[in-house]
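Values below: all heavy atoms of this structure, side chains included; hydrogens, waters and symmetry mates excluded.
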Amino acid sequence: MTTAAALRSACLALPGAQETFPFGPQTMVFKVGGKMFALVPQDATPPTMSVKCDPDLAAQLRETHEQVRPGYHLDKRHWNTVVCDGTLPDRFLRELLEDSYDLVVAKLPKRVQRELDWPGLAG
């Protein structure tokens, strides 16, 4: 996932994901249930994606991977911006994206979680 197009495809593959442009035409914002789970600038070189993350894990990932940085123009406690330069495996990037999605869906109403057929829905 070393292009904005590949990141876009991965985001839109998640159930209920929608692409929006609230910050202008150059920044793709991906939402589920009206809440943002990923942000991808179209013109970043190398490509980047910002994803929501558990605060403790966010700090750990920043210490472990130089490509993972505090969220750019986002709450740095809960968001990381990841440089997608081919250094980190696609599977790892996909897991960060899926974790972000799950964090957002977990806060949505149960009705919406059921509509999404979200596997994290208890009961």
Side-chain angles (χ1 to χ4, degrees):
M1 293 196 309
T2 57
T3 67
L7 293 169
R8 178 181 185 268
S9 293
C11 289
L12 291 175
L14 296 168
Q18 295 180 323
E19 180 181 30
T20 66
F21 294 88
F23 307 122
Q26 290 304 310
T27 305
M28 298 177 285
V29 174
F30 298 93
K31 297 180 177 183
V32 61
K35 304 291 183 185
M36 183 170 77
F37 70 90
L39 186 148
V40 178
Q42 294 191 66
D43 56 358
T45 305
T48 64
M49 70 173 177
S50 294
V51 289
K52 194 164 190 157
C53 194
D54 170 79
D56 293 331
L57 179 58
Q60 179 186 350
L61 290 171
R62 291 177 203 149
E63 291 174 13
T64 308
H65 304 284
E66 70 180 65
Q67 298 84 1
V68 180
R69 301 172 182 155
Y72 182 71
H73 288 300
L74 297 162
D75 180 342
K76 292 170 183 7
R77 184 167 139 72
H78 294 276
W79 287 84
N80 279 336
T81 296
V82 183
V83 178
C84 303
D85 61 1
T87 306
L88 298 171
D90 279 358
R91 182 69 214 141
F92 179 76
L93 298 174
R94 198 166 277 110
E95 286 172 4
L96 292 176
L97 187 59
E98 290 168 358
D99 287 350
S100 179
Y101 174 88
D102 285 341
L103 284 170
V104 172
V105 173
K107 300 283 187 184
L108 296 175
K110 300 289 186 221
R111 173 188 57 78
V112 177
Q113 293 174 357
R114 281 191 294 277
E115 288 170 5
L116 295 170
D117 197 24
W118 184 54
L121 183 62

Report summary line: Output for pair (Lys110 NZ, Arg114 CZ), nearest 0.5 Å, gives 8.5 Å
Query raised in the report: When clusters are formed by joining ILVMFWY residues with side-chain heavy atoms under 4.5 Å apart, either directly or through shared neighbours, do Val82 and Phe92 land in the same one?
Result: yes
**Report entry** Verify same cluster id: Val51, Leu7 (apolar side-chain graph, 4.5 Å)
**Finding:** yes
Query raised in the report: If you take all heavy atoms of Ala38 and Leu97, which pair is closest and at what distance?
Result: CB-CD1, 3.7 Å
Query raised in the report: Taking only residues at least two apart or on different chains, which pairs with a member in residues 48-59 satisfy side-chain hydrogen bond (donor to acceptor under 3.5 Å, both in side chains)?
Result: Ser50-Thr81
Query raised in the report: Linking I/L/V/M/F/W/Y whenever any side-chain heavy atoms sit under 4.5 Å apart, do Tyr72 and Val40 land together?
Result: no
Report summary line: Rounded to the nearest 0.5 Å, the CZ atom of Arg94 sits from the SG atom of Cys11 at a distance of 10.5 Å
Query raised in the report: Considering all heavy atoms of both residues, which atom of Met49 and which atom of Leu93 are nearest to each other, and what is their separation?
Result: CE-O, 3.4 Å
Report task. Answer yes or no: is there a donor N or O on one side and an acceptor on the other, between the side chain of Ser100 and the main chain of Leu96, under 3.5 Å? Result -> no
Query - Close side-chain approach of Leu14 and Phe30, heavy atoms under 4.5 Å - result: no
Query raised in the report: Would you find a donor on one side and an acceptor on the other, under 3.5 Å apart, between the side chain of Gln26 and the backbone of Pro41?
Result: no
Query raised in the report: Donor-acceptor pair, Gln42 side chain versus Pro25 backbone, under 3.5 Å?
Result: yes
Query raised in the report: If two hydrophobic side chains count as joined below 4.5 Å and joins carry through other members, does Val68 share a cluster with Tyr101?
Result: yes
Query raised in the report: Considering residues at least two apart in sequence or located in another chain, which fulfil the side chain to side chain contact (heavy atoms under 4.5 Å, CB included) criterion with Asp85?
Result: Pro46, Gln67, Val83, Thr87
Report summary line: Residues Arg91 and Glu98: closest non-hydrogen pair is NH2-OE1, 3.3 Å
Report task. Find the distance between CG (Leu61) and SG (Cys53) and round it off to the nearest 0.5 Å. Result -> 5.0 Å
Query raised in the report: Around atom CD of Gln18, are there more than 12 heavy atoms of other residues, nucleotides or ligands at under 6.0 Å?
Result: no
Query raised in the report: Could you state the interatomic distance from CH2 (Trp79) to CG (Leu39), rounded to the nearest 0.5 Å?
Result: 7.5 Å
Report summary line: Output for pair (Arg69 CZ, Lys76 NZ), nearest 0.5 Å, gives 12.5 Å
Query - Audit row: Trp118, Val112, side-chain contact (heavy atoms from CB on, under 4.5 Å) steps and yes/no - result: CA-CA 9 Å; Trp118 184 54; Val112 177; over 6 Å; no
Requested in this report: Step by step, work out the side-chain contact (heavy atoms from CB on, under 4.5 Å) result for Asn80 and His65.
Outcome: CA-CA 11 Å; Asn80 279 336; His65 304 284; over 6 Å; no
Report task. Following the transitive rule for hydrophobic clusters with a side-chain heavy-atom cut-off under 4.5 Å over Ile, Leu, Val, Met, Phe, Trp and Tyr, establish whether Phe37 and Leu108 coincide in one cluster. Result -> yes
Query raised in the report: Does the side chain of Met36 reach to within under 4.5 Å of the side chain of Val104, using non-hydrogen atoms?
Result: no
Report task. For residues Phe21 and Met28, determine if any side-chain heavy atom of one lies less than 4.5 Å from a side-chain heavy atom of the other. Result -> yes
Report task. Please find out if less than 6.0 Å separates the ring center of His73 from that of Phe23. Result -> no
Query raised in the report: What distance do Asp43 atom CG and Thr27 atom OG1 have between them, rounded to the nearest 0.5 Å?
Result: 7.0 Å
